[in-house]
Asker: 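Handing you a structure now.
Keep in mind that this is a model prediction, so the values were computed, not measured. Lettering of chains follows the sequences in order, A, B, ..., and the numbering in each one begins at 1.
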Number of protein chains: 2
Amino acid sequence: MKMTTSTAAPDTSRDTSGADQTRLALIQAALKLFGQKGFDGTSTREIATAAKANIGSIAYHFGGKEGLRSACAEHIVEAVSAIAAQAIGPAAGALAGPMDRETARGILHAVAERFVMTVVGNPQAVPFVQFVLRELSQPTTALERIYDGVFEPNHKRFCLLWEKATGQPAASRQTMLTVFTIVGQVMYFRIAREAVTRRMGWADIGAAESKAIAATVCANIDAMVAAAREE
Amino acid sequence: MKMTTSTAAPDTSRDTSGADQTRLALIQAALKLFGQKGFDGTSTREIATAAKANIGSIAYHFGGKEGLRSACAEHIVEAVSAIAAQAIGPAAGALAGPMDRETARGILHAVAERFVMTVVGNPQAVPFVQFVLRELSQPTTALERIYDGVFEPNHKRFCLLWEKATGQPAASRQTMLTVFTIVGQVMYFRIAREAVTRRMGWADIGAAESKAIAATVCANIDAMVAAAREE
DNA sequence: TGACGATAATCAAACGAATGATTAAATCAT
DNA sequence: ATGATTTAATCATTCGTTTGATTATCGTCA
């Protein structure tokens, strides 16, 4: 027999056709599980169950487990691009022309703060970050896509911002490495989340804790900018 | 009904005790493979083959795959403790008493540089770091051991050093977070190694590249210390 | 010292369970 | 009705673990 999939009718009005709905559900479920338990640690059956889909759907829509991983990477690239465009997009236009150093420093603060909130504080972004971090530690073609679509463009933008704030050329080795250290400061709180909460005596890294982290990072940025300007 | 196990006489030249040798070989092989491919991505057969041991040895010596993971964690704790003791151990005695600010800053530099070389530059330390990072993203009892044996004691020491260099109390939230950002700066170059090499146009992160990274981190530390002293 | 017996350790083989993939039939949408 | 999609069942393979037999190690007693 079959149960009437009455439970599957929560909000059919919102989404598109059934096929696309299945694809999206699979991607979201896979993204979450891959992030939580890793690619190898997640079975296709788990994914299908979480997505309320059939196991065969994975092969049908993505060709297999590996194809689903690629689709997840593509999904992340699109999502991050949208977020990034919204975050530092408005300032992108101004980024092309000249800019006051203090203005650039202010934007640097805003970007850093938003970065912290998204990467560390936002529970919804956890699967994304976790997925990327896993891919980083074991490079596949999925990482290739993420690097081209996320890492490089955003790193370049950040370097450009650094140039506006300090005067150091964006393409210099020194600037690029420095930007990496800034990114690392933030990312580490996600990576070593477990160690941080224990050491800090925090039950969780919520909005309040994220704010404290952001303040620390911004203070570091100020100190680094000030030092860089003196050179 | 038995085959003459004539093949079992390849190298009677046993070095140390056979049992401990097998255990160590299994741990080292597992550590390497777990770090490279992840816990779930590594099969017990792979480990046994790499260690030139029998599959059953894993269950015999460690109770199972999970027990081998715990043994790896314990092995790391011991190894890192030895390295840490050698690195900042000599200064541990001086750490208890008063210390000149500039002296503390110098030690800070030395520790950071050594940290970079070990985590990022030393190919032999790769499996260790990779293993820990994987455990961090998926907390198990193995992480518990590593946190208590590695993270907390070293973080505390670093905070104390920060206090000597800046005057800010080691146990303050600000200091602890700042130290995390310093650690994160370094660790990120290992985590995002793939992204870094591509962006920097490096073929690899060797001694020369590690030196450049260390210089950048030390410059950041100087800037942060200077800013912290002014408060 | 030298043989003996107990324990420790290794080994090849096989177990059941779970994996990703595949199939053909059933169902859906247009 | 036809093509797109979902479903249930089955595929071969690989997984971690277990097994019983074999070999190595070592303390004990003659």
Asker: Does a salt bridge link A:Arg198 with B:Glu144, judged by any charged N lying under 4.0 Å from a carboxylate O?
Answerer: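 Salt bridge flag = yes for B:Glu144 with A:Arg198.
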Asker: Stepwise, does the side chain to side chain contact (heavy atoms under 4.5 Å, CB included) test hold for A:Glu113 with A:Val186?
Answerer: CA-CA 10 Å; A:Glu113 195 155 333; A:Val186 178; over 6 Å; no
Asker: Taking only side-chain nitrogens and oxygens of B:Asn54, does any of them come within less than 4.0 Å of OP1 or OP2 of C:dA9?
Answerer: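 For C:dA9, OP1/OP2 do not have a side-chain N/O of B:Asn54 under 4.0 Å.
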Asker: Using atom CG of A:Asp20 as one end and atom C1' of D:dA4 as the other, report the distance to the nearest whole Å.
Answerer: 12 Å
Asker: Side chain to side chain donor-acceptor pair (under 3.5 Å) with B:Arg199: which residues, sequence neighbours excluded?
Answerer: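 Result, side chain to side chain donor-acceptor pair (under 3.5 Å) vs B:Arg199: A:His155.
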Asker: Whether A:Thr22 contacts D:dT6 is assessed here as follows: a side-chain N or O lying under 4.0 Å from the phosphate OP1 or OP2. Is that the case?
Answerer: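 Result: yes.
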Asker: Rounded to whole Å, how long is the line connecting atom CZ of B:Arg45 with atom P of C:dC11?
Answerer: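 Taking atom P of C:dC11 as the reference, CZ of B:Arg45 is at 16 Å.
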Asker: Indicate whether OP1 or OP2 belonging to D:dA4 is found under 4.0 Å from a side-chain N or O atom of A:His61.
Answerer: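 So the side chain of A:His61 is outside the cut-off, no N or O lying under 4.0 Å from OP1 or OP2 of D:dA4.
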Asker: To the nearest Å, how far apart are B:Ile47 CD1 and D:dT14 C1'?
Answerer: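 Rounded to the whole Å, the gap is 15 Å.
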Asker: Under 4.0 angstrom, heavy atoms only, what part of the nucleic acid is A:Ile58 near: base, sugar-phosphate, or nothing?
Answerer: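 No contact.
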Asker: Could you give the CG-to-C1' distance, from B:Asp40 to C:dA18, as a whole number of Å?
Answerer: 13 Å
Asker: Can you tell me how far apart CZ (A:Phe39) and CZ (A:Arg69) are? Round to the nearest 0.5 Å.
Answerer: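 Going from the CZ atom of A:Phe39 to the CZ atom of A:Arg69 covers 4.0 Å.
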Asker: Answer yes or no: does atom NZ of B:Lys65 have more than 12 heavy-atom neighbours from other residues, nucleotides or ligands under 6.0 Å?
Answerer: yes
Asker: Can you pull out the residues from residues 29-38 of chain A that lie within a 4.0 Å heavy-atom distance of DNA chain D?
Answerer: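 Heavy-atom cutoff 4.0 Å gives no residues at all.
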Asker: With a 4.5 Å limit on heavy-atom distance, are the side chains of A:Thr181 and B:Phe189 in contact?
Answerer: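 Result yes, sub-4.5 Å side-chain heavy-atom pair found.
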Asker: Take atom CZ of B:Phe62 and atom P of C:dA9, then tell me their distance rounded to the nearest Å.
Answerer: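 That distance rounds to 11 Å.
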Asker: At 4.0 Å (heavy atoms only), tell me whether A:Ser43 reaches a base, stays on the sugar-phosphate, or touches nothing.
Answerer: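 Sugar-phosphate, backbone atoms only, no base.
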